[in-house]
Amino acid sequence: MKYNPAAFEAKWQKRWEESGIFRVTADTEKAKFYCLEMLPYPSGNIHMGHVRNYSIGDAVSRFKFMKGFNVIHPMGWDAFGLPAENAAKQNKRHPDEWTYANIDKMKGQLKKLGFSYDWSREIATCSPEYYKWEQMIFIKLWEKGLAYKKKSLVNWCPDCETVLANEQVEDGRCWRCSSQVKMKELEQWFLKITDYADELLDFTYRLPGWPEKVLVMQRNWIGKSVGAEVVFRVASSDEEITVFTTRPDTLYGATFMLLAPEHPMAKTLIAGTEYEKGGLDFINETAGQDKADRTDDKKKKGYFTGRCAVNPVTGEDMPIYIANYVLMDYGTGAVMAVPAHDERDFDFARVYGLPVRAVIEPEGGKLDGASMTEAYTGPGKLVNSGELNGMPYDEAKKKIIEILAEKGKARATVNFRLRDWGISRQRYWGAPIPFIYCEKCGTVPVPEKDLPVRLPENVNFGVQGNPLDGAEDFINVKCPKCGGPARRETDTMDTFMESSWYFLRYCSPRNDENIFDKKEADYWMPVDQYIGGVEHAVMHLLYARFYVKVLRDMGYLSFDEPFSNLLTQGMVCKETVKCPNDGWLYPEEVKDGKCVKCGAEAVKGRVEKMSKSKKNVVDPDALNDRYGADTIRLFSLFAAPPENEIEWSQNGVEGCHRFLGRVYRLACQNINYLKTEYPEPAFEGETAKKILRASHAAIKKVTADIERFQLNTAVSAIMEMVNTLYSVGGALETENDKAAFAWSLKALFKLIAPFTPHLAEELWEKAGFAPFVSKAEWPSFNEAYTVSDEINIVVQINGKVRSELRFPRDVSQDEAMEAAFADEKVKNHINGKTVVKKIFVPNKLISIVVK
RNA sequence: GCCCAAGUGGCGGAAUGGUAGACGCAGCAGACUCAAAAUCUGCCGCAGGCGACUGUGUGGGGGUUCGAGUCCCCCCUUGGGCACCA
């Protein structure tokens, strides 16, 4: 009777697969539920983060399935990307071969965990049948003007030899390899995500099923600022400079102007003057720096151009400076500086001795530009502002735009921090961008009948940069328009392109007529529950939302947002150990607290996300061999709420294993009760009542807890139920007791099915029930059984618990009060004092206030 | 600097404004055993007391309330995000 999962887990995995119970088809008669976990990159091995992610998804999916939903639960592979190409360069293995071998291996690992995927819907994003549709959509985007090419300064990673999106630059370093990112000018393909900035932002207020922190991150990323563009004339010239400002109300306080070093006017203004040489030096020094260096330097630096702009309301001259902290890619690259009311401008003014004039005064305060020690950025009324004096600042914002707009010198406008999405990658292992360059016809899309543009197989990977650049057979083509000689685009697409729509492809993964079947997508989409790591809060989730909106506007889809509910699961962490000489250590490299290599004292590091480089990983496969799939799954659900970090605990895993052994023994010891036909148990007799109360309460709590993703407390509710069944197990006297026990055991098998499905199936079979428990109906509970006949009422005196009394349920206020005041302990605490107030909470407590 | 979370036993964590610490881990004791492992049962915030019990306790300080881990204000700490964004 020993719990030995190795004896049956594989059996159930095979039976689920052979019976095809998790294969689904659209059925408009049935309510659907789309449960999706973020698709993995086929690195070669699953890690504990995957296990946790998919265990959460599987519990939800199996629960909904038992609840009667038509559940779609697909899995696939985000198969393009850099590691495959690096493997090709290092090990002379083709990326294709490397990738599919990894997929094979990882698929085997996932299957050994018993997840309820519909494998018939599996996709790999690197297959031509998949990326064909991406290419088709890309051409449509180009036709609609949403995909375009431009020469631009791009973030360039010298090690990966590729362009990075802003989102892929972390602290000025490549998100993949951590090399210092440089700026480089290149012709690149972009998607106009900025056209959708407003809508993407608006909908962050219409996604109640998303965690607030993710929505906030997206809002920050989009970064909408409402303000105005104001045109300034350059003194003694016809030139004009337009600035963007969010504070047009402070225009009277604008005492100088700043230009980004890259601003075209910067060079124009100094051309042929004594400021030219110094100015050019300054521009080269600053503009050449990559963003990281420039933003590292907190010191504001500027260079006077020798020229002035004219303040359109005061008519005063404003010296124009080139400033390092002004960025060309935000706003217009030119700033009207209001030192009195902007911290950065204030610092700059103090360094260069420029005038500070306060134009907004807070209520009850007076500001003096000459003596201010910091900028005032709060609300207030206008001063030193001519006709606008005394006006509240928010009103003045509109008024000043109106006044200048009449003269054509200003307009209200909005600016976004969000940039267009650069999708060109100088890489082999990605979806080819389906365009051809012809000298006569220019940029020509590949005709739809010629799609997909397949990656050529025979290329030389032993080169620096993009292997496709050397693939002459691939590059040299005839122009589809004129038939003349032409060259193929060799850039491939950012891999975020594939993950922006894979959830749509799952709806009809083998469709060869179109990107997906609209009917199928209309039935299955949107995703009801999306689960994945919070590290995708901005990039992936924003791109996918954008993509869906674009497809909607092309008529492919009839909804706005892809993911109704989002759960961001926490990381799986473990303690690290470091040696002062040899760096991170594996646990087996430490003996008696010392490093086995050099004998130095090993230092316990912080608890950090499991990673190979920090040598604190735990291999799911090894755990599976030792404890079985159910134990790993249970631990990753029970150790903490899904959003929290899990700190790895070997003892915790063993505790879970022990619990499953307990369930196994409980079932085996009492299996005969299940093989007997009992009538429906009656809620009578002390033992039967105790059993039924425990099981119905557990059903109630587990059901509610899964719905609200409190999987850890759902598991503990099952543990409580098991504890109760153990406590009465030996004392079943009446037939009704036995009936109640049998009923409860059967319910228990169902309750554990979403969490530990193998064990549930095994016990279900042992009891002689028809397969599968996975398909069985989720148990329901009787509310009346979940409450007890007798209750404790707590007596508080002046807010402190002083006594506890036992009553029949629903005891009346009068009766309870009488008993309370007769209670010895209560009497002692009231003793001689006056009762001021009495409060009665039915079935809970009595609160007495005395003086 | 700005924005968002979160601070509860030795640990992971529970608690619709109503008995703080469910469940698990670790620990302690007992049963079974020649013995050990496994298993089962019990105890387990801190301080004082043989004890019934008393005091105290959810980062700190105020407040609302008969009653606050939970609501409000201020502060501290930690984690996450953004950062010369005009």
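First the proteins, then the strands, lettered A, B, ... as listed; each starts at 1. Heavy atoms only: backbone and side chains are in, while hydrogens, waters and symmetry mates are out. From a predicted model like this one, the values you see are computed outputs, not experimental measurements.
- The side chain to side chain contact (heavy atoms under 4.5 Å, CB included) check on A:Lys701 picks up A:Asp705, A:Arg708, A:Thr713, A:Ala717, with sequence neighbours excluded.
- Residues A:Arg52 and A:Gln569 have side chains in contact (heavy-atom distance under 4.5 Å, counting atoms from C-beta outward).
- The list of salt bridge (charged side-chain N to carboxylate O under 4.0 Å, His left out) pairs with a residue in residues 216-231 of chain A, not counting sequence neighbours, reads A:Asp198-A:Lys224, A:Glu212-A:Arg219, A:Glu229-A:Arg411.
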Could you encode protein contacts along nucleotides 46-66 of chain B as a string, one character per nucleotide from 5' to 3', using B for base contact, S for sugar-phosphate-only contact and - for no contact, with a heavy-atom cut-off of under 4.0 Å?
-------SSSS---------B
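- Among the protein residues, A:Gly655 comes within range of the sugar-phosphate backbone only, with heavy atoms under 4.0 Å from sugar or phosphate atoms but none that close to a base.
- Residue contacts for A:Ser649: at a heavy-atom cut-off of 4.0 Å it reaches no nucleic acid atom on any strand shown.
- Among residues two or more places apart in sequence or in another chain, the salt bridge (charged side-chain N to carboxylate O under 4.0 Å, His left out) test is passed with A:Asp630 by none.
- The backbone N or O of A:Ser611 lies less than 3.5 Å from a partner atom in the side chain of A:Asn616, making a donor-acceptor pair.
- With sequence neighbours excluded, the residues forming a side chain to side chain contact (heavy atoms under 4.5 Å, CB included) with A:Phe709 are A:Val60, A:Gln529, A:Leu567, listed by chain and number.
- B:rU39 atom P lies 15 Å from atom CG of A:Leu666, rounded to whole Å.
- When rounded to the nearest whole Å, the span between CZ of A:Phe840 and P of B:rU19 equals 15 Å.
- Remark: A:Arg344 engages A:Asp342 in a salt bridge (charged side-chain N to carboxylate O under 4.0 Å, His left out) (not counting sequence neighbours).
- Applying the side chain to side chain contact (heavy atoms under 4.5 Å, CB included) test to A:Ala334 and every residue at least two apart in sequence or in another chain returns A:Ile241, A:Val243, A:Leu259, A:His263, A:Thr332.
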Measure all distances between protein nitrogen or oxygen atoms and nitrogen or oxygen atoms of nucleotides 26-30 of chain B, and list the pairs falling under 3.5 Å.
| from | atom 1 | to | atom 2 | distance (Å) |
| --- | --- | --- | --- | --- |
| B:rA26 | OP2 | A:Arg658 | NH2 | 3.3 |

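- Heavy atoms of A:Asp347 sit nowhere under 4.0 angstrom from any nucleic acid atom.
- Counting only residues at least two apart or on different chains, the salt bridge (charged side-chain N to carboxylate O under 4.0 Å, His left out) pairs with a member in residues 650-668 of chain A are A:Arg626-A:Glu654.
- B:rG9 adopts a syn glycosidic conformation, its chi angle falling within 90° of 0.
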Nucleotide by nucleotide, 5' to 3', does protein get under 4.0 Å of the base (B), only the sugar-phosphate (S), or neither (-) in nucleotides 3-17 of chain B, counting heavy atoms?
SS-------SSSSB-
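- Two residues, A:Val841 and A:Glu343, neighbour RNA chain B, and the one matched to the more 5' nucleotide by heavy-atom proximity is A:Glu343.
- If you check every strand for non-hydrogen atoms under 4.0 Å, A:Arg219 touches nothing.
- The stretch residues 693-700 of chain A does not touch RNA chain B, since none of its heavy atoms comes less than 4.0 Å from the strand.
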RNA chain B base-pair string [pairs: Watson-Crick or G-U under 3.5 Å; |: paired with another strand]:
(((((((..(((.....[....))).(((((.......))))).((((....))))..(((((..]....))))))))))))....
